[in-house]
Amino acid sequence: MNIYLMDLKKVCCAVGFKKTTIYKWMNAGEFPKSINIGGNVRWASTEVEKWIEEKISESGANQQ
């Protein structure tokens, strides 16, 4: 598993939602918290991927 830091643009692209929705979910505790490094906001790729997998699992989309 490779871990890397994602900026907001990449997070939005990965999940398919705009930044306002991402921050709304973060504030509600429904999305991984960001990491602030040197004034830059980033997300751990593994946390975003885990969130995506959980949403897929919850929807039942991966069930045959």
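All values below were derived from every heavy atom in this structure, side-chain atoms included, with hydrogens, water molecules and symmetry-related copies excluded.
Residues Asn40 and Asp7 are not in side-chain contact: their nearest non-hydrogen atoms beyond the backbone lie 4.5 Å or more apart. Counting heavy atoms from C-beta on, the side chains of Phe17 and Val11 never come closer than 4.5 Å.
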* To do: Could you walk me through whether Val41 and Leu8 pass the side chain to side chain contact (heavy atoms under 4.5 Å, CB included) test, one step at a time?
  => CA-CA 7 Å; Val41 178; Leu8 182 58; over 6 Å; no

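Contact detail for Ile35 and Ala44: the closest heavy-atom pair is CD1-N, 4.1 Å. The minimum heavy-atom distance between Lys33 and Trp43, with the atom names listed, is O-CD1, 3.7 Å. The heavy-atom pair separating Asn2 from Thr46 by the smallest distance is O-CG2, 4.4 Å. The minimum heavy-atom distance between Ala14 and Ile52, with the atom names listed, is O-CD1, 3.9 Å.
Separating the CD atom in Glu49 from the CD atom in Glu47 is a distance of 10.0 Å, to the nearest 0.5 Å. To the nearest 0.5 Å, the span separating OG on Ser45 from NZ on Lys10 amounts to 10.0 Å. For the atom pair Leu5 CG and Ile37 CD1, the distance stands at 5.0 Å (nearest 0.5 Å).
The environment of Lys19 atom NZ is sparse: at most 12 non-hydrogen atoms of other residues, nucleotides or ligands sit within 6.0 angstrom. For NZ of Lys50, the number of neighbouring non-hydrogen atoms (other residues, nucleotides, ligands) closer than 6.0 Å is 12 at most.
Remark: side-chain polar atoms of Ser34 are not paired, donor with acceptor, to backbone N or O of Arg42 under 3.5 angstrom. Panel note: side chain Trp51, backbone Glu30; a donor-acceptor pair is recorded below 3.5 Å.
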